[in-house]
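See structure below.
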Amino acid sequence: MTQSPTARFSDRVENYVRYRPGYPREVLDLLRDECGLRPSHVVADIASGTGAFTRLLLENGNSVFAVEPNAAMREMGIRQFESVGSNRLVSVAGTAEETTLRSASVDFVTAAQAAHWFDLPSARAEFARILRPEGWCILIWNERETATTPFLRDYEQLLLTYGTDYKEVRHEYTTVKIHEFFAPALSEERVFSLCQQFDYEGLAGRLLSSSYAPLEGHPSYEPMMQELQRIFRAHARDNTVDFEYKTRVFYGHL
């Protein structure tokens, strides 16, 4: 049975923090150049998780409402920023569909690696409510390449074989519909490259940070990890493998 979006990362927080990728600095450059992002702007970072994108916003000088429904992820996010702009961070227990924020209270709404979990019509209405006039909505995904290298092809097959509900929750099903989310307003898209390098421990942690990867105790866990070891041995160079992504950024008014 598919877990609720809110609950499915609770037992993966440590691996999520350690092994998930951040976001290219070019994303902030894009928001400055195309959307006029300035440090004085107030941002609602929706489904902020452990704060990977929140960090970029705080380092840019922005005040941020980090809206996150999962308590374990939210608490980890708070700990992450005790020494980085924490006076400009307000952690909020809320969802994309019910942020609890005041109407017309923010200049930007961002959602990084998250909107595929949203009820998109309800989230759109909520974002439009909390945005000030001429405010911007920014949706971001790090989309893992699945076929650009032999390693990534084998890793994709591993997920198809052992992932508990991988086929059902892939966020690519959402990104193909994103322009409908912005309609009747127009949206733009930009794509950037991103790469992580992992030794075997890091590769295992990256796999287990995914909500569809079976954890220890599940009957598929041991065979999955044996296959991961085989894939790593077959493809590692200098004891590392490359995880390649396209960072896709959709931006526009609502």
Side-chain angles (χ1 to χ4, degrees), residues 5-118 123-124 126-142 194 209 247 249-251 254:
T6 299
R8 60 189 295 143
F9 291 99
S10 295
D11 51 3
R12 304 171 191 269
V13 173
E14 295 292 339
N15 280 331
Y16 202 99
V17 170
R18 293 182 65 185
Y19 300 115
R20 283 298 181 103
Y23 298 92
R25 290 279 171 183
E26 292 96 323
V27 174
L28 273 188
D29 294 337
L30 171 70
L31 299 188
R32 293 187 192 107
D33 294 343
E34 297 292 322
C35 309
L37 177 68
R38 300 189 304 275
S40 59
H41 284 137
V42 178
V43 183
D45 191 24
I46 309 297
S48 54
T50 59
F53 193 68
T54 308
R55 177 178 295 276
L56 285 184
L57 295 167
L58 290 173
E59 290 175 350
N60 190 55
N62 296 102
S63 294
V64 181
F65 292 104
V67 180
E68 170 57 47
N70 183 297
M73 300 280 272
R74 192 169 62 250
E75 289 161 11
M76 179 62 79
I78 292 170
R79 291 204 299 272
Q80 293 285 305
F81 301 118
E82 287 175 349
S83 61
V84 184
S86 58
N87 62 318
R88 288 181 279 102
L89 175 68
V90 178
S91 182
V92 178
T95 66
E97 300 79 14
E98 294 185 49
T99 63
T100 77
L101 301 182
R102 290 183 293 104
S103 296
S105 59
V106 301
D107 303 293
F108 282 74
V109 168
T110 60
Q113 209 70 18
H116 51 293
W117 301 119
F118 300 168
R124 188 195 192 284
E126 178 69 349
F127 296 174
R129 183 186 69 82
I130 65 175
L131 277 168
R132 292 172 178 145
E134 300 305 311
W136 289 87
C137 178
I138 317 294
L139 304 180
I140 305 168
W141 281 271
N142 284 327
L194 185 65
S209 76
T247 300
V249 184
F250 300 86
Y251 59 100
L254 298 179

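Bear in mind that the values here come from a model prediction, so they are computed numbers and not experimental data.
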Set out, in order, the CA-CA distance, both residues' side-chain angles and the distance that settles side chain to side chain contact (heavy atoms under 4.5 Å, CB included) for T110 and V64, then state yes or no. CA-CA 10 Å; T110 60; V64 181; over 6 Å; no
V92 and T99, any side-chain heavy atoms less than 4.5 Å apart: no
Are the side chains of E59 and R25 in touch, meaning some heavy atoms are under 4.5 Å apart? yes
Within the 4.5 Å heavy-atom criterion, are Y23 and Q113 side-chain neighbours or not? yes
What is the distance from atom OG of S103 to atom CD of E126, rounded to the nearest 0.5 Å? 8.0 Å
At their closest point, which heavy atom of E97 faces which heavy atom of A123, and how far apart are they? CG-N, 4.2 Å
Any Y251 side-chain heavy atom under 4.5 Å of L30 side chain: yes
Are side-chain heavy atoms of F127 and I46 found at a separation under 4.5 Å? yes
Distance from E134 atom CD to C35 atom SG, nearest 0.5 Å? 12.0 Å
So, S48 side chain and G51 main chain: donor-acceptor pair closer than 3.5 Å or not? no
Nearest 0.5 angstrom please: D107 CG to R38 CZ, how far? 8.0 Å
If I take atom CG from residue L58 and atom CZ from residue F53, how far apart are they, to the nearest 0.5 angstrom? 11.0 Å
With sequence neighbours left out, what residues match R18 under side chain to side chain donor-acceptor pair (under 3.5 Å)? none
Among L101, V109, D45, whose side chain to side chain contact (heavy atoms under 4.5 Å, CB included) with V67 holds? L101
Shortest non-hydrogen contact from L194 toward G22: CD2-O, 3.5 Å
Looking at P24 and L56, what are the two nearest heavy atoms and their distance? O-CD1, 4.3 Å
Looking only at heavy atoms, what is the nearest atom pair of T50 and F81, with distance? O-CE1, 4.1 Å
L57 backbone acceptor or donor facing R88 side chain under 3.5 Å: no
Closest non-hydrogen atoms of Q80 and R55, given as atom of the first, atom of the second and distance, are O-NH2, 3.5 Å
Go through R32 and N60 one step at a time and tell me if the side chain to side chain contact (heavy atoms under 4.5 Å, CB included) criterion holds. CA-CA 10 Å; R32 293 187 192 107; N60 190 55; 2.8 Å; yes
Do we see a donor-acceptor contact under 3.5 Å between the side chains of W136 and H41? no
Determine the minimum heavy-atom distance between N70 and E68, stating which atoms define it. N-OE2, 2.8 Å
If we only count heavy atoms from C-beta on, is the N62 to L37 side-chain gap below 4.5 Å? yes
Drop me the distance from E26's CD to L31's CG, to the nearest 0.5 angstrom. 12.0 Å
With rounding to the nearest 0.5 Å, note down the distance linking SG in C137 to CZ in F108. 10.5 Å
